[in-house]
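Hydrogens, waters and symmetry mates play no part in the numbers below; they use all other heavy atoms, side chains included.
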Amino acid sequence: MKSIEELEKLEWEELEQAALQDPAPVPEGLQQRLSANLAAKSLAEEATVRKSPVRAFSYTALAAAAALAAVLVLPRLGNREPKDTFDDPYLAYAEVEKVFQSISDKMATGVDIAREAKPVAEKTLNVLEKINIQ
């Protein structure tokens with residue numbers, strides 16, 4: 001076994017030849033860990049790119065435009081009184097039940113989607129935790 005000083009003095013070709021002559025055992029799961037680390041690094045780089053000042057300016061401009069639109073439109077909407085659309089309270093109640101059933105169905109679909117996505121999200125969190133530990 002050579003010392004660190006001897007290894008630092010070697011050229012790349014000599015190091016490559018030495019590695020080919022005496023291959024080291026590869027740890028089990030190395031490929032998956034490397035892939036996970038590279039994916040996490042890629043995500044971290046994307047997150048820093050997203051926080052560019054140009055985007056911050058565009059969000060600020062968008063928020064200002066939305067505020068201006070709200071100031072112009074909301075006073076006109078405030079003058080209207082609600083209109084009673086049902087004369088029969090039983091029909092109104094039936095319509096409310098129908099709307100609540102529709103909301104319940106949509107929520108159930110969303111919960112099912114979230115339940116299916118949970119293992120993927122947990123795997124991502126585990127990868128991030130392993131990266132933070134190292």
Side-chain angles (χ1 to χ4, degrees):
M1 173 73 70
K2 296 185 179 190
S3 68
I4 293 177
E5 292 81 20
E6 292 173 341
L7 290 174
E8 288 175 346
K9 293 178 185 176
L10 292 177
E11 297 292 325
W12 283 108
E13 291 82 17
E14 294 172 325
L15 287 172
E16 187 176 5
Q17 287 299 321
L20 291 174
Q21 289 173 359
D22 188 23
V26 177
E28 191 173 317
L30 178 65
Q31 180 70 30
Q32 291 81 10
R33 290 190 307 228
L34 287 174
S35 297
N37 284 338
L38 289 173
K41 181 181 179 190
S42 172
L43 287 174
E45 288 173 355
E46 285 179 19
T48 57
V49 168
R50 288 185 195 150
K51 295 179 182 178
S52 66
V54 175
R55 285 214 174 182
F57 175 74
S58 63
Y59 287 131
T60 305
L62 184 62
L68 179 63
V71 167
L72 294 175
V73 172
L74 287 178
R76 294 182 187 158
L77 294 177
N79 295 336
R80 293 192 277 173
E81 291 185 23
K83 178 182 173 187
D84 191 7
T85 55
F86 291 97
D87 295 330
D88 186 4
Y90 292 108
L91 288 175
Y93 184 76
E95 193 65 26
V96 167
E97 280 187 342
K98 189 169 120 181
V99 168
F100 281 154
Q101 183 61 45
S102 174
I103 292 170
S104 175
D105 292 343
K106 303 285 183 190
M107 287 293 294
T109 303
V111 168
D112 290 341
I113 291 171
R115 190 174 293 125
E116 290 173 6
K118 184 178 179 182
V120 176
E122 287 176 347
K123 184 176 180 181
T124 305
L125 287 174
N126 289 338
V127 168
L128 292 174
E129 287 175 1
K130 287 180 182 178
I131 291 170
N132 287 335
I133 290 172
Q134 296 173 357

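The local environment of CD in Glu28 is sparse, with at most 12 non-hydrogen atoms from other residues, nucleotides or ligands closer than 6.0 Å. More than 12 heavy atoms of other residues, nucleotides or ligands shown are found within 6.0 angstrom of CZ on Phe86. No more than 12 heavy atoms of other residues, nucleotides or ligands sit less than 6.0 Å from atom CG of Asp87.
Taking CD from Glu129 and CD from Glu122, the interatomic distance works out to 10.0 Å, rounded to the nearest 0.5 Å. In this structure, CG on Leu91 lies 11.0 Å from NZ on Lys98, to the nearest 0.5 angstrom.
If you chain together hydrophobic residues whose side chains sit under 4.5 Å apart, Met107 and Phe100 fall into the same group. Cluster annotation: Val96 is connected to Val99 through the hydrophobic network of ILVMFWY side chains, with a link wherever side-chain heavy atoms come within less than 4.5 Å.
Smallest separation of non-hydrogen atoms from Ile131 and Ala40: CD1-CB, 2.7 Å.
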